[in-house]
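Remember, it's 1-based here, ligands and their atoms both numbered in the order they're listed. In this chain, numbering begins with 1 at the start of the sequence shown.
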Amino acid sequence: MKNKIAVIGSGISGLSIASILNETNEVRVFERKSTIGGLVHCDRAQDVLYHRVGGHVFNSKNKEILDWFWTKFNKETEFVQAKRNAKIFFENRFIGYPIENFLYQLDADIVEKVMAELVDINKVGAKDPMAYDNFETFLQNTFGSTLYKLYFKPYNNKIWKTDLSKVSMQWLEGKLPMPRLLEIISANIIRKEEGEMVHANFYYPKSGGSQFIAERLAYGLSVTCNSSLEEIFIDNRSVKIFGESFNHIIYTGDIRKLPDLLTISSDKSFKYNDQIKQLRSNGTSSVLCSCDANDLSWLYIPEPKFKAHRIIYTGNFSPTNNSDLLIESHRSSCTVEFSGICTYEEMLLELKMLPGNLTPIDYNNEPNSYVIQDHETRKIIQAYKEYLKPYGIHLLGRFAEWEYYNMDKAMEAAFGLKEQILAANKKVF
Ligand SMILES: Cc1cc2nc3c(=O)[nH]c(=O)nc-3n(C[C@H](O)[C@H](O)[C@H](O)COP(=O)(O)OP(=O)(O)OC[C@H]3O[C@@H](n4cnc5c(N)ncnc54)[C@H](O)[C@@H]3O)c2cc1C
């Protein structure tokens, strides 16, 4: 008999696991919003494609994920493969990214200080990033205090809006390449453009942006929109949602809401419920704009005098992202991103200070986008997973696992969960 599996949420995590399990199980996806996609949702405003949260591009270093992904899509006909061309906007100049590879573009006195610090760090020897107690110490001891003050601190302060010394290192395990002194020196001598570097390319749908990815993953699945899960009812015999029993429930929504969704007939409540509810996150506000034509993919904006932290030149990712009007007037489109919730008026003021003759088209406020991990977070989430497992409830995704997942990492987590569910089935039947 097929397992009945409910997936709560139709973001990349929910759609991936549903798609993976659908062949051999009876899978139903429930989405509280009227459209699928979660964070990757895109629509069009004045016929310009708008990634309402971030400009999502795809790539993975994991062969299993790539192989699976390309069974769903045609790489040649449905995607463009683009080269990253990111820059940092600093003192009205465009500096290459990552900054340590483009030190030669900074003023000589800064370069001298940075190099002296990097050499000193190298003498002590590079420490494993996970050996650092917190994000601030890691950044200072990896890049030196000058680069930290100039770029890493102001940029990360904007994104995280929290004391970086309280942010644990676990969130970036395996996510950032660690620079070595020799590589930095070579990069600054050879002066390669970013697009020529390894891993500096990405895939992007020819049409529809990341919404295209969500729609395709949802193909053939049973997805019910406008279905917000408000209660998971558990008694000795079954786990029910929407009045129906399921063998497994895969929850991809906000973990902070889960303790109040659970109605359990036994009184075994989870000991860290209060900590779960108090996990912190930041939102993202964005303005879709038309802009002067350019060849950039991202522009990072570290200086505190700007509220925005990034511009994503989504109009350059695929020509179909721009309206005919923009193309005719030799303009393009981009999304200006702000961490936290900003009013439209605040964002409009900022547009005047930023480069590219930005003209607003539409805007959006997303209350949750960046999850903040402190030193206890991983332990608590792991304990919650163990607590929920006997009921057949599983956590998956950025907000359910409180992980800094990109789309490919969310897919990887879905494959990991599939194994766990198969193992659980073996035990039961
Ligand atoms: C600014 C920004 C830029 C990014 N750029 C990239 C990028 O370029 N490339 C990349 O790979 N990744 C990128 N990411 C990461 C990517 O967005 C995430 O990895 C991915 O979207 C997470 O998907 P998810 O399904 O875990 O969560 P979500 O997308 O949040 O999906 C959860 C879904 O569950 C639904 N839901 C919640 N509660 C309930 C409920 N009670 N009942 C029913 N439904 C519910 C929600 O409505 C939502 O649709 C970016 C993220 C951000 C914030």
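- Across the listed options Thr35, Thr335, Val40, Val40 owns the non-hydrogen atom lying nearest to atom 21 (O) of ligand 1.
- Atoms of ligand 1 found under 4.0 Å from any heavy atom of Phe399 (numbered from 1 in listed order, with element): 30 (O).
- With a 4.0 Å cut-off on non-hydrogen atoms, Lys409 does not touch ligand 1 at all.
- Taking each heavy atom of Leu348 and Pro360 in turn, the nearest pair found is CD2-CG, 3.5 Å.
- The shortest N or O to N or O distance between Arg32 and ligand 1 is below 3.5 Å.
- Considering only non-hydrogen atoms, atom 52 (C) of ligand 1 lies nearest to Arg398 out of Arg398, Met411, His309.
- Of all protein heavy atoms, the one closest to atom 31 (O) of ligand 1 is Gly11 CA, 3.4 Å.
- Close N/O approach between Trp298 and ligand 1 is not found [any backbone or side-chain N/O within under 3.5 Å].
- Note: Tyr272 and Phe270 have perpendicular aromatic rings, judged against thresholds of 30 and 60 degrees for the angle between ring planes.
- The protein heavy-atom contact nearest to atom 24 (P) of ligand 1 is Ser13 OG, 3.3 Å.
- In the vicinity of Gly38, heavy-atom distances shorter than 4.0 Å reach the ligand 1 atoms 29 (O), 48 (C), 49 (O).
- The residues Glu31 and Lys33 are annotated as not salt-bridged, no charged nitrogen and carboxylate oxygen being separated by less than 4.0 angstrom.
- Note on Lys153 versus Glu136: no salt bridge recorded, every NZ/NE/NH1/NH2 to OD/OE distance being 4.0 Å or above.
- Annotation: Asp408 places no N or O atom under 3.5 Å from an N or O atom of ligand 1; distance criterion only.
- When non-hydrogen atoms are compared, ligand 1 lies under 4.0 Å from neither the backbone nor the side chain of Phe58.
- The atoms of ligand 1 that sit less than 4.0 Å from any heavy atom of Thr252 are 32 (C), 34 (O).
- Taking the six-membered ring where the residue is Trp, Trp160 and Phe135 present perpendicular rings, their angle passing 60° and hence far from 30°.
- For ligand 1, the polar-atom distance check against Leu229 finds a nitrogen or oxygen pair separated by under 3.5 Å.
- Taking atom 46 (C) of ligand 1 as the reference point, the nearest protein heavy-atom neighbour is Glu31 OE2, 3.6 Å.
- Nearest protein neighbour of atom 12 (N) of ligand 1, counting heavy atoms only, is Asn406 OD1, 3.1 Å.
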>> Please evaluate residues His394 and His248 with respect to the criterion side chain to side chain contact (heavy atoms under 4.5 Å, CB included), reporting the C-alpha separation (whole Å), side-chain torsions for both, the decisive distance (0.1 Å), and the verdict.
In response: CA-CA 7 Å; His394 312 272; His248 296 277; 2.9 Å; yes

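- Ion pair Asp235/Lys240 not flagged as a salt bridge, since none of the NZ, NE, NH1 or NH2 atoms sits closer than 4.0 Å to an Asp/Glu carboxylate oxygen.
- In summary, Lys277 and Asp260 engage in a salt bridge, as defined by a charged side-chain N under 4.0 Å from a carboxylate O.
- Against a heavy-atom cut-off of under 4.0 Å, Gly397 is close to the following atoms of ligand 1: 26 (O).
- For the atom pair Tyr387 OH and Ile264 CD1, the distance stands at 3.5 Å (nearest 0.5 Å).
- Considering backbone and side-chain atoms alike, Val57 places an N or O below 3.5 Å from some N or O of ligand 1.
- Remark: ligand 1 atoms within the under-4.0 Å shell around heavy atoms of Tyr405 are 15 (C), 18 (C), 19 (O).
- For a threshold of 3.5 Å applied to N or O pairs, the pair formed by Met407 and ligand 1 contains at least one separation below that value.
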> When you look at Thr335 and Glu337, which way does the side chain to side chain donor-acceptor pair (under 3.5 Å) test go after all the steps?
Replying inline: CA-CA 6 Å; Thr335 306; Glu337 221 177 65; over 6 Å; no

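- With a 4.5 Å cut-off on side-chain heavy atoms, Ser168 and Asp374 do not count as touching.
- Proximity of Glu401 to ligand 1, defined as any heavy-atom pair under 4.0 Å, is not found for any part of the residue.
- Protein heavy atom at the shortest distance from atom 16 (C) of ligand 1 is His56 NE2, 3.4 Å.
- For the pair Ser369 and ligand 1, the shortest N or O to N or O distance does not fall below 3.5 Å.
- At a cut-off of 3.5 Å, with distance as the only test, no side-chain donor of Ser19 or Asn22 sits close to an acceptor on the other residue.
- In this structure, CZ in Phe212 is found 7.5 Å from OG in Ser207, a value given to the nearest 0.5 Å.
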>> Set out, in order, the CA-CA distance, both residues' side-chain angles and the distance that settles side chain to side chain contact (heavy atoms under 4.5 Å, CB included) for Phe73 and Ile213, then state yes or no.
In response: CA-CA 8 Å; Phe73 300 94; Ile213 299 179; 3.9 Å; yes

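- When each atom of ligand 1 is checked for a heavy atom of Ser228 under 4.0 Å away, the hits are 42 (N).
- For ligand 1, the atoms sitting less than 4.0 Å from at least one non-hydrogen atom of Gly55 are 8 (O), numbered in the order shown with element in parentheses.
- Of all the atoms in ligand 1, the ones that sit under 4.0 Å from a non-hydrogen atom of Ser227 are 42 (N), 43 (C).
- Geometrically, ligand 1 and Leu39 share a nitrogen or oxygen pair separated by less than 3.5 Å.
- Put simply, OG on Ser13 and CG on Leu39 are 9.0 Å apart, with the number rounded to the nearest 0.5 Å.
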